[in-house]
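To keep things clear, I will list the structure first and then write my remarks on it.
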Amino acid sequence: MLTLKLIENKPEEVVARLAVKGFDAARLIDEITMLNDKRKNIQAELDGLLAEQNRMAKEAGVEIGRLKKEGRMDEAESIKLQTAEKTNDLREKSKGLESEAKTSEQKLHESLVLMPNLPHESVPRGRTAEDNFMVRSGGIIPPKSGKLPHWDLAARYDIIDFELGNKLTGAGFPVYKGKGAKLQRALVSFFLDHNIEAGYLEVQPPYMVNEDSAFGTGQLPDKEGQMYHATADNLYLIPTAEVPVTNILRDCILQNSDLPVKLTAYTPCFRREAGSYGKDVRGLNRLHQFDKVEIVQVRKPEESYQALDEMVAHVEKLINKLGLPYRIMRLCGGDMSFASALTYDFEVYSAAQERWLEVSSVSNFESFQANRLKLRYRSENKKTELLHTLNGSSLALPRILAALLENNQTENSIIIPETLQTYTGFSSI
RNA sequence: GGAGAAAUGGCCGAGUGGUCGAAGGCGCGCGCCUGGAAAGUGCGUAUACUCCAAAAGGGUAUCAAGGGUUCGAAUCCCUUUUUCUCCGCCA
């Protein structure tokens, strides 16, 4: 959520920057300005009325107290009646205004949450993934010849059972078996350990969150259909660890000494992915439940882009250690998420499918999430200021697993990267 | 799930109808004292919205959340949430 201050003080800049995302903000800004003026007027009038009531009650109170002390009960009663009569009108009026103020505030909020985050100035213009800018690439793309796709390998070595998942739950809920299961566990530990080493604090958050949390990170109201919803208790299965982990900081005012906040968490992620079918979602490419290790940072505004670079370098190191061919893309305006100011996507090359698979997305949200979360810190001049939030996957498992299986296959086995072997306890499948 | 008790500022804790944004303490900040530190001592120390060009200052709201009673609510009533104790169930 953008701050009202920004929208009202620099409307031209907001319009210009959002054009990069292909979003026409002009009308929405007018609406927001109008709604906010209305809200202010109502609030000012209401405050005046309430002030008047408070004043009268205070005056009457002093008088009533004095009379009672002197035992002049009748006179006290009559002042009560008089005041009641005088304030009756005011009370009626302020009740009405109060509900008006509430609706106008709600409307303002509804419009405000429609406004996407401003893209950073380095974000390239563009509409689709075609327009993303490749920052750099690394690793060696193996030859395609004789490579089987991971779903065939999974069946051949009996390490991932998609059919069994269908029986238990449905499509998109595979069962990992034997070395497949161990490999999953190894990857989670490998990622977590490296994150901890880089200064992140490991947390184990709940896998279900309440409405407030889903609102806090912006899953609600717009992405309601993406989440599994347990209606009996009104809880949502998390689509990413970002939701519970970032909400840890909701409604917090941090001190200088609390910063920077660096958290990492492993969680399963649950996504309904309604409406996506076909070959792009085959095998591990798109699942309803998958494992991911997430990193989250909370930084002072002036440090956040440096932190973003650190995070990108960190994720790159992990992929390098696994020996996977990769490329880093700076997303164009049209391909970026609603809340992001700057996003780098990591893609690894999948040899048998001959395509790039997105395995991580590292973003700086600047104060966009913090504003909604009310996440602030006390700056040098003692004022509270919004912090910047960043997050990234380090990493999402299924596509890493797919790439590992496909790229490292030999005729009769799959080679486990050396760095992982201490975690798996075996060197090949 | 049943019965009972409770929820107050960063923390502890007082406050059962009035001048209470809230005593006192701890913590924290700034000073004084000291050669320096501790102790002592003085002052300050919530958030959001809003008025004012800004500062100073003012207004409104907030004592778990939402409603109600009252001239007036942290205090009384109702609903919800959470916590604790006992019982039941249970990995």
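The shown structure was predicted, so the numbers you read here are calculated from the model rather than taken from an experiment. Letters go in sequence order (proteins before strands), and every chain restarts at 1.
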- prompt: Is any NZ, NE, NH1 or NH2 atom of the basic residue among A:Glu110 and A:Lys107 found under 4.0 Å from an Asp or Glu carboxylate oxygen of the other?
  reply: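 Judged by the 4.0 Å cut-off on N to carboxylate O distance, A:Glu110 and A:Lys107 do not form a salt bridge.
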task: For A:Leu4 and for A:Leu46, locate the closest nucleotide of RNA chain B by heavy-atom distance; then report the residue assigned to the nucleotide nearer the 5' terminus.
output: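 This one resolves to A:Leu4.
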query: Toward the 5' end of RNA chain B, which comes first, A:Gln43 or A:Lys80, by nearest nucleotide?
result: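 Of the two residues, A:Gln43 wins.
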- prompt: From the 5' end of RNA chain B to its 3' end, which nucleotides mark the outer limits of contact with chain A, defined by a 4.0 Å heavy-atom distance cut-off (strictly under)?
  reply: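 So the contact region on RNA chain B extends B:G18 to B:G72.
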Nearest-Å distance once atom [atom1] is located in both [N] and [M]:
N	M	atom1	result
B:C78	B:C87	C1'	28 Å
B:C89	B:A3	C1'	16 Å
B:C71	B:C11	C1'	37 Å
B:U50	B:G13	C1'	33 Å
B:C43	B:U82	C1'	39 Å
B:U75	B:A22	C1'	12 Å
B:U70	B:C76	C1'	10 Å
B:U47	B:G10	P	8 Å

Pairing nucleotide - [N], Watson-Crick or G-U, each distance under 3.5 Å:
N	result
B:G10	B:C26
B:A74	none
B:C49	B:G59
B:G21	none
B:C90	none
B:A3	B:U85
B:U16	none
B:U41	B:G31

For a quick check of understanding: with a heavy-atom distance under 4.0 Å over all strands, which category does [X] fall into, base, sugar-phosphate or nothing?
X	answer
A:Ile253	sugar-phosphate
A:Arg376	sugar-phosphate
A:Lys58	nothing
A:Ala44	nothing

Would you be so kind as to tabulate the donor-acceptor pairs closer than 3.5 Å made by side chains of residues 337-348 of chain A, with sequence neighbours excluded?
{"residue": "A:Ser337", "atom": "OG", "partner": "A:Ser340", "partner atom": "N", "Å": "3.4"}
{"residue": "A:Ser340", "atom": "OG", "partner": "A:Leu342", "partner atom": "N", "Å": "3.2"}
{"residue": "A:Ser340", "atom": "OG", "partner": "A:Leu342", "partner atom": "O", "Å": "3.4"}
{"residue": "A:Ser340", "atom": "OG", "partner": "A:Thr343", "partner atom": "OG1", "Å": "2.5"}
{"residue": "A:Thr343", "atom": "OG1", "partner": "A:Ser363", "partner atom": "OG", "Å": "2.8"}
{"residue": "A:Asp345", "atom": "OD1", "partner": "A:Ser361", "partner atom": "OG", "Å": "2.9"}
{"residue": "A:Glu347", "atom": "OE1", "partner": "A:Arg327", "partner atom": "NE", "Å": "2.6"}
{"residue": "A:Glu347", "atom": "OE1", "partner": "A:Arg327", "partner atom": "NH2", "Å": "2.8"}

task: Kindly determine whether A:Phe365 and A:Asn391 satisfy side chain to side chain contact (heavy atoms under 4.5 Å, CB included), including the steps that lead there.
output: CA-CA 8 Å; A:Phe365 301 96; A:Asn391 71 45; 3.2 Å; yes
Please output the side-chain donor-acceptor pairs of residues 177-185 of chain A that fall under 3.5 Å, not counting sequence neighbours, one pair per line with the distance.
{"residue": "A:Lys177", "atom": "NZ", "partner": "A:Asp158", "partner atom": "OD1", "Å": "3.1"}
{"residue": "A:Lys177", "atom": "NZ", "partner": "A:Asp161", "partner atom": "OD2", "Å": "3.2"}
{"residue": "A:Lys179", "atom": "NZ", "partner": "A:Ser428", "partner atom": "O", "Å": "3.1"}
{"residue": "A:Lys182", "atom": "NZ", "partner": "A:Thr424", "partner atom": "O", "Å": "3.1"}
{"residue": "A:Gln184", "atom": "NE2", "partner": "A:Asp291", "partner atom": "OD2", "Å": "2.9"}

- prompt: Taking the side chain as C-beta and beyond, is there a heavy-atom pair between A:Glu31 and A:Leu35 under 4.5 Å?
  reply: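 A side-chain contact under 4.5 Å exists here.
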Report, one line per pair, each donor and acceptor closer than 3.5 Å where one atom sits in a side chain of residues 167-176 of chain A; sequence neighbours left out.
none

- prompt: Of the residues in residues 28-41 of chain A, which ones touch RNA chain B at a heavy-atom distance under 4.0 Å?
  reply: A:Arg39, A:Lys40
query: If you draw a 6.0 Å radius around CD in A:Glu52, do more than 12 non-hydrogen atoms from other residues or ligands fall strictly inside?
result: yes
message: Keeping A:Gln409 on the side-chain end and A:Leu148 on the backbone end, is there a donor-acceptor pair under 3.5 Å?
response: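 Pair found, side chain donor or acceptor close to backbone of A:Leu148.
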message: Taking ring pair (Phe, Tyr, Trp, His ring centres under 6.0 Å) as the cut-off, I'd like each qualifying pair that reaches into residues 208-257 of chain A, sequence neighbours left out, listed once.
response: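 Matches after skipping sequence neighbours: A:His229-A:Tyr236.
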task: Please work out which of the three classes, parallel, tilted or perpendicular, describes the rings of A:Tyr200 and A:His314, given edges at 30° and 60°.
output: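 Taking A:Tyr200 first and then A:His314, their aromatic rings sit tilted (interplane angle of 30° to 60°).
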message: When you compare the side chains of A:Asn195 and A:Lys262, does any donor N or O come within less than 3.5 Å of an acceptor on the partner?
response: no
